[in-house]
Amino acid sequence: MIDDLVAGLSDPDPEIRRKAVFGVLSHRRHDLLPMLCELALREQDGGLAVLATQAALTLRANPPDPQQESIIEKALSEKDGHNRLGPTAWEYLATSGNRRHRLHLLAVLAKSAKPPRQVWGFLTSCLGHCDPDVRMAACKPAVATGYGRLVAWVLATIEDPDAGVGRAAFAAVEAAPRPLLIEALDEALDDSDEWVPSAVAPFLPVFAGEDMREMLRRGRENPLPPVAAKCREALARLDARKAAAKHLPPPPPIPSAAAGPVLQLHVP
């Protein structure tokens with residue numbers, strides 16, 4: 001049987017070679033590391049040569065650990081086996097988990113009401129993974145954590161180059177319980193890393209509701225001008241809705257069923 005990745009690394013089409021490099025990295029094919037290094041040295045396309053070099057360095061920096069591989073394979077073969085994975089195994093998965101490991105565990109975590117703290121690093125690594133299928137599968141469990149940074153990353157992922165990933169990110173945020181989403185946004189706005197509040201800020205006017213008013217008031221004082229501006233914009237939308245509601249005409253009275261049919265009098 002022909003190995004598609006082996007064939008892809010030597011294909012004359014640079015796009016197929018690029019996909020093969022991502023495939024080697026996604027599947028953690030350490031056995032193809034020599035071939036990947038050879039591609040990096042002979043590749044004429046500068047961008048592809050850099051990509052192959054980065055992939056090779058990543059694989060070299062994270063060699064397979066037979067003990068952890070055995071623990072993970074055993075957990076994946078048992079019902080609810082993922083619950084027996086400890087912090088070390090999850091850390092290993094974040095750096096060295098292959099595509100099969102990741103997709104299996106993400107499918108399990110997607111069924112959890114709130115994935116535990118020890119898997120957050122693994123979810124982060126999946127959101128930034130080279131494989132769009134992995135990024136797509138990570139969106140729902142990442143939002144379900146209610147962790148501000150992960151929710152911010154999913155919001156940023158709405159603009160993912162892969163349209164399927166963007167749709168999955170939007171759907172995950174849209175389906176999130178409102179209290180969980182608001183708490184995550186509040187946490188994200190207070191994060192000390194600039195990218196976190198900057199990622200959620202553009203969405204504040206979209207999500208704005210009266211249950212966010214206090215958070216948005218505090219956000220007006222955010223040290224990042226674009227974030228503070230979005231908080232003010234969201235507050236302005238709330239105020240405009242409130243003002244419009246005061247001037248709405250009262251709804252027509254609803255006839256009571258007990259009143260019987262309405263008689264129409266015709267005056268001659």
Side-chain angles (χ1 to χ4, degrees), residues 1-65 68-69 72-73 76 90-107 109-110 121-143 149-150 152-173 195 198-199:
M1 182 177 178
I2 298 175
D3 189 319
D4 290 340
L5 292 178
V6 171
L9 289 175
S10 56
D11 195 278
D13 187 337
E15 181 59 23
I16 294 178
R17 295 199 300 277
R18 186 184 70 83
K19 289 181 179 179
V21 170
F22 279 127
V24 171
L25 188 58
S26 179
H27 290 275
R28 296 289 163 172
R29 290 288 301 274
H30 286 83
D31 59 308
L32 297 183
L33 188 53
M35 196 171 179
L36 194 60
C37 292
E38 182 185 349
L39 172 63
L41 291 173
R42 63 175 167 77
E43 179 58 56
Q44 298 299 311
D45 183 318
L48 186 49
V50 170
L51 177 63
T53 301
Q54 291 173 334
L57 291 174
T58 299
L59 290 178
R60 279 182 175 173
N62 300 285
D65 182 333
Q68 290 301 325
E69 293 284 339
I72 292 165
E73 289 294 343
L76 266 59
W90 286 109
E91 288 173 11
Y92 177 79
L93 283 162
T95 57
S96 301
N98 61 38
R99 172 187 162 87
R100 182 173 60 85
H101 292 160
R102 290 176 185 272
L103 291 178
H104 179 101
L105 291 166
L106 289 170
L109 292 173
F122 169 70
L123 289 173
T124 299
S125 74
C126 290
L127 286 172
H129 200 263
C130 65
D131 191 320
D133 288 342
V134 173
R135 298 198 301 276
M136 190 183 307
C139 291
K140 183 178 178 181
V143 171
R149 284 192 170 216
L150 283 174
W153 197 321
V154 174
L155 286 170
T157 301
I158 291 175
E159 299 296 328
D160 192 278
D162 186 285
V165 178
R167 287 192 296 269
F170 180 82
V173 175
W195 75 265
S198 296

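Note that the structure is predicted; figures quoted are calculated from it, not measured.
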Across all chains, not counting sequence neighbours, the side-chain hydrogen bond (donor to acceptor under 3.5 Å, both in side chains) partners of Arg18 are Glu15

Hey, can you pull the donor-acceptor pairs under 3.5 Å for the side chains in residues 30-37, sequence neighbours left out?
| from | atom 1 | to | atom 2 | distance (Å) |
| --- | --- | --- | --- | --- |
| His30 | ND1 | Arg28 | O | 3.3 |
| His30 | NE2 | Leu59 | O | 3.1 |
| His30 | NE2 | Asn62 | O | 3.0 |
| Asp31 | OD1 | Arg29 | NE | 2.8 |
| Asp31 | OD2 | Arg29 | NE | 3.4 |
| Asp31 | OD2 | Arg29 | NH2 | 2.9 |

Shortest non-hydrogen contact from Ala137 toward Leu103: CB-CD2, 4.1 Å

Here the pair of heavy atoms bringing Ala199 nearest to Leu155 is O-CB, 4.3 Å

Is any side-chain heavy atom of Phe22 closer than 4.5 Å to a side-chain heavy atom of Ser26? no

State, with a plain yes or no, whether a side-chain heavy atom of Pro64 is found less than 4.5 Å away from one of Tyr92. yes

Residues passing the side-chain hydrogen bond (donor to acceptor under 3.5 Å, both in side chains) test with Arg167, sequence neighbours excluded, are none

Which heavy atom of Ala168 sits nearest to which heavy atom of Met136, and what is that distance? CB-CG, 3.4 Å

Salt-bridge present (Asp160, Arg135; N to O < 4.0 Å): yes

Rounded distance (nearest 0.5 Å) linking atom OG of Ser10 with atom CD of Glu38: 9.0 Å

Indicate every side-chain donor-acceptor pair of residues 45-56 with a distance under 3.5 Å to a residue at least two apart or in another chain.
| from | atom 1 | to | atom 2 | distance (Å) |
| --- | --- | --- | --- | --- |
| Asp45 | OD1 | Gly47 | N | 3.0 |
| Asp45 | OD1 | Leu48 | N | 3.1 |
| Thr53 | OG1 | Ala49 | O | 2.8 |

Here the pair of heavy atoms bringing Asp11 nearest to Arg17 is O-NH1, 2.9 Å

If I take atom NE2 from residue His101 and atom CG from residue Leu106, how far apart are they, to the nearest 0.5 angstrom? 12.5 Å

Nearest heavy-atom contact between Ile158 and Phe170 is CG1-N, 3.9 Å

Is there side-chain contact between Ile72 and Leu76, with at least one heavy-atom pair below 4.5 Å? yes

Asp133 CG to Asp162 CG distance, which is reported to the nearest 0.5 Å: 8.0 Å

Salt bridge (charged side-chain N to carboxylate O under 4.0 Å, His left out) involving Glu73 - partner list, sequence neighbours excluded: Arg100

With distance as the sole test, does Glu43 use its side chain to make a donor-acceptor pair with the main-chain N or O of Leu41 at under 3.5 Å? no

With sequence neighbours left out, what residues match Ser125 under side chain to side chain contact (heavy atoms under 4.5 Å, CB included)? Ala94, Arg102, Phe122

Counting distance only, does the side-chain N/O of Ser96 pair as donor-acceptor with the main-chain N or O of Leu93 below 3.5 Å? no

List the atom of Ala138, the atom of Leu127, and the distance in Å for their closest heavy-atom pair. CB-CD2, 3.8 Å

